[in-house]
Amino acid sequence: MERNLTAEQLALFEKEFASNPQYRVMQNAVTQTPVNTIALDRQVVTSIDHSVSNLLDDWKVTNQKKSGRCWLFAGLNLLRAGAAGKLGVKDFEFSQNYVLFWDKFERSNFFLEAIIETAGRDADDRTVAHLLSDPIGDGGQWNMFVALVRKHGLVPKTAMPETESSSATAQMNDILRKLLRQGARDLRALDGLEAQRSRKQEILTTVHRVLSIHLGTPPQKFLWQWKDSDKAFHRDGWTTPAEFAAAYVQLPVDEYVCLVHDPRESSPVGKTFTVDYLGNVIDAPPVVYLNVEIDLMKQLTQDAIVGGEPVWFGCDVGKQMSGDLGFWDAKLYDYGSVYDTEFSLDKAERLVYHETLMTHAMLFTGVDVVDGKPRRWRVENSWGDEKADSGFWTMNDSWYAEHVFEIAVRRSALPAELQARLDDEPIVLPAWDPMGALAD
């Protein structure tokens with residue numbers, strides 16, 4: 001075939017389509033009906049229900065609304081069950097708006113420091129271009145969540161409730177991007193670290209003001225009192241966010257580590273990795289992953305749930321997903337039959353060819369175990385309670401293998417040889433590597 005498409009070649013394409021009556025049938029169907037309705041495999045659907053043998057959740061789901069805060073919601077959802085138990089209430093929420101404020105502010109500082117560090121490079125340098133492409137998105141990683149809790153503590157939702165901009169972040173983010181890109185221009189034009197840091201302070205003053213206008217001002221102290229499920233009144237008195245976190249976070253978040261399944265040939269199993277310029281809090285421990293086999297990730301997830309703890313995880317949420325049913329299965333949609341072709345990229349190839357990356361974080365809250373192996377998983381999403389099982393979704397085990405990338409588990413749960421690997425110097429991946437994707 002020649003480089004250019006000739007009229008004769010175009011005619012051949014049209015002839016090939018017209019010569020197959022089945023293609024015409026499918027054209028008639030797809031032009032009048034959403035393709036997912038046609039491709040949905042009814043045998044897969046009828047094989048799934050929402051029941052599981054091991055179930056932890058006994059609470060209502062949360063709703064991130066029009067924001068990309070899934071990783072914060074999933075982290076706080078992991079912690080809230082223990083807090084609810086200590087408070088003697090059925091449902092409790094930490095303030096998602098509070099951690100959003102500090103993530104935005106800390107991330108602004110992180111971005112400006114990266115700009116100062118790379119100021120000697122051209123603006124079209126690939127790393128600089130990556131930094132400038134989205135200096136203040138909503139997405140994040142487990143280690144970034146831990147860094148915020150460690151530095152800023154937590155508050156109950158009543159102490160810093162949602163606002164219009166925390167629930168719909170687009171306009172606020174647009175203003176912040178303008179400020180930070182403008183700030184990047186200013187910092188790159190200055191000579192000397194002292195002048196750059198002085199200008200950075202001015203930029204951050206404006207960023208803090210913008211965040212306060214949109215999200216409210218984070219409380220430094222608040223009066224904490226509540227009624228438990230028996231309607232008994234309690235008052236802890238005035239407390240700080242750090243004191244509140246110390247009192248009501250029942251899980252040792254500092255002990256959790258990130259495991260990933262990255263099957264690319266360039267990513268050896270048993271090695272630790274980090275991604276250049278990935279983070280939010282300066283001088284916090286870096287975002288580090290340990291690459292492991294997918295079967296180990298499944299086993300550790302199952303063990304944690306059976307032992308009574310939910311599991312934070314990151315995945316490519318939109319693949320083979322039915323939002324109406326609240327189901328995930330690796331073969332939920334038979335696109336190959338619809339288009340008479342084969343979709344053959346495996347998980348590693350999807351990473352290499354930009355067909356997948358981590359897009360969303362949620363919480364495993366249940367597992368259906370048959371003969372010692374997981375059959376399906378129950379997932380607490382943060383998309384409200386209108387879909388799935390009142391907002392709790394069901395994932396067949398086939399989907400876990402193909403589309404789950406990351407979990408956070410206790411370090412002590414790992415085999416001893418892998419615990420030792422966590423102390424190795426991590427391999428540094430470039431800033432644009434897909435394993436640096438931020439779940440939103």
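For the single chain, residues carry numbers from 1 onward in sequence order. Just so you know, these numbers use all the heavy atoms, side chains as well, and skip hydrogens, waters and symmetry mates.
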Measuring from atom CZ of Arg185 to atom CG of Leu190, what distance do you get when rounded to the nearest 0.5 angstrom?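 These two atoms lie 10.5 Å from each other.
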
So, taking the atom named CG in Leu211 and the one named OG in Ser108, what distance separates them when rounded to the nearest 0.5 Å?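 Output value for this atom pair is 6.5 Å.
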
According to the side-chain hydrogen bond (donor to acceptor under 3.5 Å, both in side chains) rule, which pairs have a member within residues 36-46, sequence neighbours left out?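 For residues 36-46: Asn36-Tyr335.
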
Summary of side-chain hydrogen bond (donor to acceptor under 3.5 Å, both in side chains) pairs that have at least one residue in residues 431-440, sequence neighbours excluded: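 Checked against side-chain hydrogen bond (donor to acceptor under 3.5 Å, both in side chains) - neighbours excluded - the pairs reaching residues 431-440 are Arg264-Asp433.
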
Taking the six-membered ring for Trp, are [X] and [Y] ring centroids under 6.0 Å apart?
{"X": "Phe405", "Y": "Tyr400", "value": "no"}
{"X": "Phe94", "Y": "Tyr98", "value": "no"}
{"X": "Phe327", "Y": "Trp393", "value": "no"}

Which residue, Phe313, Trp383, Trp71, forms the ring pair (Phe, Tyr, Trp, His ring centres under 6.0 Å) with His360?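 Only match with His360 under ring pair (Phe, Tyr, Trp, His ring centres under 6.0 Å): Trp383.
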
If the condition is side chain to side chain donor-acceptor pair (under 3.5 Å), which residues does [X] pass it with, not counting sequence neighbours?
{"X": "Ser322", "result": "none"}
{"X": "Arg107", "result": "Asp103"}
{"X": "Thr394", "result": "His50"}
{"X": "His130", "result": "none"}

Both conditions, 6.0 Å and 45 degrees, for the charged tip of Lys86 above the ring of Tyr248: are they met here?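 Yes, Lys86 and Tyr248 form such a contact.
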
Under 3.5 Å, is there a donor on one side chain and an acceptor on the other for [X] and [Y]?
{"X": "Thr356", "Y": "Asp316", "answer": "yes"}
{"X": "Trp377", "Y": "Asp397", "answer": "yes"}
{"X": "Thr365", "Y": "Glu380", "answer": "no"}
{"X": "Lys200", "Y": "Asn109", "answer": "yes"}
{"X": "Arg376", "Y": "Ser51", "answer": "yes"}
{"X": "Lys157", "Y": "Asn97", "answer": "no"}
{"X": "Lys347", "Y": "His261", "answer": "yes"}

Go through the structure and list residues passing ring pair (Phe, Tyr, Trp, His ring centres under 6.0 Å) with [X], not counting sequence neighbours.
{"X": "Phe73", "value": "none"}
{"X": "Phe101", "value": "His208"}
{"X": "Phe273", "value": "none"}
{"X": "Phe110", "value": "none"}

Which residue pairs pass the ring pair (Phe, Tyr, Trp, His ring centres under 6.0 Å) test when at least one of the two sits in residues 132-189, sequence neighbours left out?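 Qualifying pairs, neighbours excluded: Trp102-His152, Trp142-Phe145, Trp142-Tyr256, Trp142-Trp312.
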
What's the verdict on side-chain contact (heavy atoms from CB on, under 4.5 Å) for Asp346 and Glu349, showing C-alpha distance, side-chain angles and the deciding distance? CA-CA 5 Å; Asp346 62 25; Glu349 291 167 336; 3.2 Å; yes

So do the side chains of Tyr289 and Glu406 get within less than 4.5 Å of each other, counting heavy atoms only?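 They are in contact (side-chain heavy atoms under 4.5 Å apart), so the answer is yes.
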
If you compare all heavy atoms of Val292 against all heavy atoms of Val269, which two are closest, and at what distance to 0.1 Å?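 Shortest heavy-atom separation between Val292 and Val269 comes out as CA-CG1, 4.1 Å.
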
Which heavy-atom pair separates Arg410 from Leu251 by the least distance, and what is that distance?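 Closest approach of Arg410 to Leu251, heavy atoms only: NH2-CD2, 3.7 Å.
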
Test side-chain contact (heavy atoms from CB on, under 4.5 Å) on Val210 and Leu179 and set out the steps. CA-CA 10 Å; Val210 169; Leu179 285 172; 3.7 Å; yes

Quick one: does any side-chain atom of Gln64 pair with a main-chain N or O of Ser67 as donor and acceptor, under 3.5 Å?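 A pair under 3.5 Å: yes.
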
Determine whether a donor-acceptor pair (N or O, by modelled atom type, separation under 3.5 Å) exists between the side chain of Ser212 and the backbone of Thr217.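 Flag not set: sc Ser212 to bb Thr217 has no pair under 3.5 Å.
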
Assess the residue pair Tyr277 and Glu113 against the criterion (side chain to side chain donor-acceptor pair (under 3.5 Å)); give the C-alpha distance rounded to whole Å, side-chain angles, the decisive distance to 0.1 Å, and a yes or no. CA-CA 10 Å; Tyr277 293 110; Glu113 281 295 317; over 6 Å; no

Quick one: salt bridge (Lys or Arg N to Asp or Glu O under 4.0 Å) partners of Asp125, sequence neighbours excluded?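 Per chain and number, Asp125 pairs via salt bridge (Lys or Arg N to Asp or Glu O under 4.0 Å) with Arg121.
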
Begin from the C-alpha positions of Asn280 and Lys104 and carry the test side chain to side chain donor-acceptor pair (under 3.5 Å) through to its verdict. CA-CA 8 Å; Asn280 55 352; Lys104 294 293 186 189; over 6 Å; no

